[in-house]
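To start, the structure under review is shown below, and the notes come after it.
All chains are named by letter (A, B, ...) in the order of the sequence lines, taking the proteins before the strands, and each is independently numbered beginning at 1.
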2 protein chains.
Amino acid sequence: MKRSRVTIKTIAEKAGLSCGSVSQVLANPQHPRFPPETRKKIIQVADELNYRPNRFAIGLRRQKVNLIVLVVPWNCPELVDSIETKVREVDFQLMISQTPLPIKGAEEKALMAALDWQPDGIIWMPSTADSEYKNIIQHIKAWHGKVVLLHHKLKSLPDMDVVRPEAITSVRRAVEHIASQGYRKIVYVSLPQIVQLDRIRLNTLEQTAKQYNIDFDRIKIDSNEETKQYQKYLSQITQPTAFICQGDWHAIEILEVAEQLKLNCPDEIGIISIGDFLLGNRIRICEVARPRITAIREPFNAIAETTVRLLIDRIVEQIEVPAQNIEVAEELIIRQSTLKTGVSR
Amino acid sequence: MKRSRVTIKTIAEKAGLSCGSVSQVLANPQHPRFPPETRKKIIQVADELNYRPNRFAIGLRRQKVNLIVLVVPWNCPELVDSIETKVREVDFQLMISQTPLPIKGAEEKALMAALDWQPDGIIWMPSTADSEYKNIIQHIKAWHGKVVLLHHKLKSLPDMDVVRPEAITSVRRAVEHIASQGYRKIVYVSLPQIVQLDRIRLNTLEQTAKQYNIDFDRIKIDSNEETKQYQKYLSQITQPTAFICQGDWHAIEILEVAEQLKLNCPDEIGIISIGDFLLGNRIRICEVARPRITAIREPFNAIAETTVRLLIDRIVEQIEVPAQNIEVAEELIIRQSTLKTGVSR
DNA sequence: CTGTTAGCGCATTCAA
DNA sequence: TTGAATGCGCTAACAG
């Protein structure tokens with residue numbers, strides 16, 4: 001049994017009316033343009049037939065389909081959940097496009113695909129610097145929809161909105177805290193390539209460390225040699241050192257290695273994670289670890305809220321407001337991994 | 001400057017050819033139907049103009065768009081990552097639709113939306129029992145595409161493929177292990193509503209416990225009262241008890257509460273998680289916890305692989321193979337949370 | 001071998 | 001108040 005699709009035509013026939021009428025009524029069932037009886041009839045038939053409008057036809061016609069695409073470079077559960085919730089509230093469709101593995105060009109491909117759906121807006125968290133996005137940038141510029149960038153501004157897209165954490169204050173506080181605990185050295189742990197936000201953090205960190213007269217260093221993580229790198233670095237420590245890690249994963253792994261090497265955390269090394277993701281809506285991995293890990297908590301929920309509101313505003317009001325750069329405050333959550341025993345607070 | 005869209009018409013004009021030719025060539029640039037010169041010309045112009053075909057038009061015409069939708073009831077990073085990777089390999093578009101919060105009807109809504117995109121296939125992990133899906137079931141049945149269910153078979157959709165973990169063996173092994181460690185009681189921890197797979201686990205558990213002459217009980221978790229429930233239950237323990245938790249989150253929280261109550265894990269209580277998710281492609285929360293948590297590891301990667309292959313097969317070959325029910329082996333990963341001190345193995 | 005044409009399902013406009 | 005005609009961008013069948 002091959003059943004053909006139910007279209008407005010089907011409904012029109014069954015109701016003894018024309019397509020136009022059906023379309024009208026279905027689009028605006030409350031409008032008194034048609035007699036109540038007709039409207040009721042149409043709606044009833046549509047219901048019986050399990051009618052669903054064809055997105056492609058609508059898209060073709062209207063050139064838009066109330067769709068927002070979220071492009072994130074890795075699986076970032078808290079952000080995705082938050083955005084999902086906010087978008088649901090405003091009755092837009094959300095299409096998530098994750099590119100978890102750092103496959104060359106995957107992100108560009110995802111963006112291309114996103115554009116092909118002619119969404120009303122795109123929320124994009126670039127994972128790396130401008131230079132990687134040569135091909136896609138022109139497509140984005142040629143496109144008519146709205147883009148909000150997360151975390152990093154791109155030089156080649158200067159007139160895009162950006163929503164990101166305010167990184168300076170929290171980093172300063174972290175250093176202050178580290179100093180108060182008597183650590184003599186700070187090490188910033190991140191991937192080799194750093195993007196704008198990381199750079200801000202890095203600079204602030206270096207600068208503030210100098211103010212407090214604390215040594216500063218940086219580890220660039222090669223994802224294949226990770227554990228080895230940590231082992232090497234940790235085994236050479238000569239003074240109380242605090243590690244500030246880009247993302248929870250690094251922090252956890254350093255802690256693991258420290259445990260293997262029988263290095264005491266927090267006394268010999270301190271660990272701070274930048275992230276503090278909420279997983280499964282209930283648990284933070286920094287709180288599961290022992291000792292619990294101090295963290296600069298990225299305000300994903302607030303970022304999601306701000307981003308979606310901004311984007312929707314852009315979409316519905318067509319007013320040309322200049323690009324915004326919104327910063328959302330981060331919080332420093334002090335836990336055991338940086339609370340040395342015997343240091344008076 | 002309002003730039004209009006680039007369509008095949010634009011290209012045709014600029015190349016001095018007809019739409020039909022352009023369409024043909026672009027669809028199949030290698031086909032010798034047109035002289036190499038013409039083909040080259042068309043492709044070049046399309047390139048210059050940054051032409052991108054309109055998905056809606058294609059969808060309308062062909063009634064399909066090489067799209068697979070993944071509907072998961074909560075954010076399940078490992079599964080999503082794996083599926084994403086596999087789908088990318090076969091050159092289909094993946095659209096992820098997560099419904100993390102248990103909002104009434106959210107899942108149905110997500111499925112409806114999914115169907116509206118007329119995907120070639122849907123991968124769906126139902127979060128609850130048939131009765132909740134009354135409305136959507138008929139739409140799915142009326143639909144012409146392929147569905148693969150994850151984890152749970154639905155009675156109202158008996159002819160759908162199902163891919164799921166083989167739950168019996170691993171549960172038996174877990175009980176055996178628990179018995180060998182001298183625990184006298186087993187408690188199954190899960191949400192109040194249980195779905196097919198949970199039921200299998202529950203039954204196997206109860207039965208096997210009886211075989212080993214171990215007490216059996218069950219806690220139904222009300223997500224608001226979680227901690228309280230655990231506190232109450234744990235404070236009443238009179239004999240070495242092993243908790244088998246549906247999902248890592250429950251396991252972590254029980255461990256947390258046990259720590260507060262100064263209950264020793266593994267000696268007084270044992271904990272086993274069913275899940276052992278891989279997070280961020282590198283870390284399992286069960287390994288971060290102290291003691292590390294024993295787990296029945298759900299084979300998400302294998303499930304993803306099997307599912308995508310099955311679905312693609314169904315889509316490309318149109319052969320009507322009867323619905324399959326594929327089971328993927330689970331692994332029992334024994335860690336400290338169930339390894340009592342002083343018990344000889 | 002190439003260009004023309006009919007429609008996919010819908011919304012909009014205009015005529016009746 | 002209603003219905004018929006048009007076109008969105010593309011493809012496939014068909015005509016030249």
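Along DNA chain D, the stretch of nucleotides lying under 4.0 Å from any heavy atom of chain A spans, 5' to 3', D:dT1 to D:dG9.
A:Leu49 is listed as a side-chain neighbour of A:Ile11, based on a closest heavy-atom distance under 4.5 Å. Residues A:Val328 and A:Val163 form a side-chain contact, since some pair of their non-hydrogen atoms from C-beta on lies under 4.5 Å apart. The side-chain heavy atoms of B:Gln98 and A:Leu94, taken from C-beta on, include no pair separated by under 4.5 Å. Side-chain atoms of A:Leu111 and A:Leu115, non-hydrogen and from C-beta on, never get closer than 4.5 Å to each other.
As a whole-Å value, the separation of B:Ile8 CD1 from C:dT4 P is 13 Å. Rounded to an integer number of Å, the gap from CD of B:Glu37 to P of C:dC1 is 15 Å. Separating the NZ atom of B:Lys41 from the P atom of C:dT2 is a distance of 15 Å, rounded to the nearest angstrom. Rounded to a whole Å, the CZ atom of A:Arg52 is 15 Å from the C1' atom of C:dC10. Distance A:Asn66 CG to C:dA11 P: 13 Å, rounded to the nearest Å. Here C:dT4 presents its P atom at 12 Å from CZ of B:Phe34, a figure rounded to the nearest Å.
In this view, A:Lys86 and A:Glu305 satisfy the salt bridge (Lys or Arg N to Asp or Glu O under 4.0 Å) rule, not counting sequence neighbours. Scored by the side chain to side chain donor-acceptor pair (under 3.5 Å) test, B:Asp130 finds B:Ser156 as partners (sequence neighbours excluded). For A:Asp161, the salt bridge (Lys or Arg N to Asp or Glu O under 4.0 Å) partners at least two apart in sequence or on another chain are A:Arg314. With sequence neighbours excluded, no residue satisfies side chain to side chain donor-acceptor pair (under 3.5 Å) with B:Arg39. For B:Glu327, the salt bridge (Lys or Arg N to Asp or Glu O under 4.0 Å) criterion is met by B:Arg164, not counting sequence neighbours.
B:Ser82 places a side-chain N or O within 3.5 Å of a backbone atom of B:Glu78 that can act as its donor or acceptor partner.
Expressed to the nearest 0.5 Å, how far CD of B:Gln196 lies from OG1 of B:Thr128 amounts to 12.5 Å.
Only one option out of B:Glu107, B:Gln138, B:His139 pairs with B:Tyr133 in a side-chain hydrogen bond (donor to acceptor under 3.5 Å, both in side chains); it is B:Glu107.
Comment: B:Lys41 does not engage B:Glu37 in a salt bridge, judged by the lack of any side-chain N to carboxylate O separation of less than 4.0 angstrom.
Side chains of B:Gln118 and B:Trp143: no donor on one and acceptor on the other come within 3.5 Å.
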If you look only at distance, which donor and acceptor atoms sit under 3.5 Å apart when one is on a side chain in residues 55-70 of chain A and the other is two or more places apart or in another chain?
unit_1  : atom_1 : unit_2   : atom_2 : d
A:Arg55 : NH2    : A:Val65  : O      : 3.1
A:Lys64 : NZ     : A:Asp120 : OD1    : 3.3

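Residues from residues 42-50 of chain B placing a heavy atom under 4.0 Å of any atom in DNA chain C do not occur. For the segment residues 55-64 of chain A, the set of residues with a heavy atom within less than 4.0 Å of an atom of DNA chain D comprises A:Leu60, A:Arg61, A:Gln63, in numerical order.
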Nucleotide N/O to protein N/O under 3.5 Å, stretch nucleotides 13-16 of chain C:
none

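Residue pairs meeting the side-chain hydrogen bond (donor to acceptor under 3.5 Å, both in side chains) criterion with at least one member in residues 12-21 of chain B, sequence neighbours excluded: B:Ser18-B:Ser21.
Rotation axes derived from the C1' atoms of the five outermost pairs at either end of the helix from C:dC1-D:dG16 to C:dA16-D:dT1 lie 60° apart, to the nearest 10°.
Residue A:Thr7 is classed as a sugar-phosphate contact, given heavy-atom separations below 4.0 Å to backbone atoms only.
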